[in-house]
Amino acid sequence: CVLRKIAERTPLQRLLEHLLRSMEKRDPQQFFAWPVTDSIAPGYSQIITNPMDFSTIKQKIDDNNYQNLQEFVDDFKLMCDNAMTYNHSDTIYYKAAKKLLHVGLKMVTPEKLRQLRPVLM
Ligand SMILES: CC(=O)c1cc(-c2ccccn2)c2ncccn12
């Protein structure tokens, strides 16, 4: 039979998956769940050069593509900034992005990180 290598998780991957789940909970309408398409957002791919969404972040965690927490936070900020670039400030998407950015960054303050399994910090 083929020996299957069970995907073991590094401590960083476990931390990032916890943070991702917490951030996704703050997006109940799932505006940020999947890549934004040009069909739902006309001209999106011409305006936003570096698209990002939660499903892409999840894939990067699974691929062990993040070397550290900062790279993960940078993608989260990119995702929110893209929405605040493409969408006008009076849209639900802009407002959702602004709120999500604020809430998400509070999750990764040193104080909050220390509260996560202190033994790991
Ligand atoms: C994140 C974002 O910019 C976005 C998500 C969506 C979206 C995401 C899921 C379902 C419906 N719309 C959207 N629609 C129009 C313009 C922008 N957006």
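For the numbers below, each heavy atom of this structure counts, side chains included, while hydrogens, waters and symmetry mates do not. Owing to the predicted nature of the structure, the values given are computational and were not obtained by experimental measurement. Both ligands and their constituent atoms are indexed starting at 1 by order of listing.
The side-chain contact (heavy atoms from CB on, under 4.5 Å) with Ile61 is formed by just one residue from the set Leu19, Leu15, Leu16; it is Leu16.
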| message | Between Glu24 and Arg21, is the salt bridge (Lys or Arg N to Asp or Glu O under 4.0 Å) condition met? List the steps. | response | CA-CA 5 Å; Glu24 287 175 322; Arg21 278 194 304 273; over 6 Å; no
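With contacts defined as side-chain heavy-atom distances shorter than 4.5 Å, the pair Leu78/Asn82 qualifies. Taking 4.5 Å as the limit, some side-chain heavy atom of Tyr66 sits within range of a side-chain heavy atom of Asp75.
Aromatic ring pairs are classed by plane angle as parallel below 30°, tilted from 30° to 60° and perpendicular above 60°; the pair Phe32 and Phe54 is perpendicular.
Heavy atoms from other residues, nucleotides or ligands lying under 6.0 Å from CZ of Arg9 number more than 12.
Within 4.0 Å of ligand 1, protein heavy atoms come from Gln30, Phe31, Phe32, Val36, Ile40, Ala41, Asn87, Tyr93.
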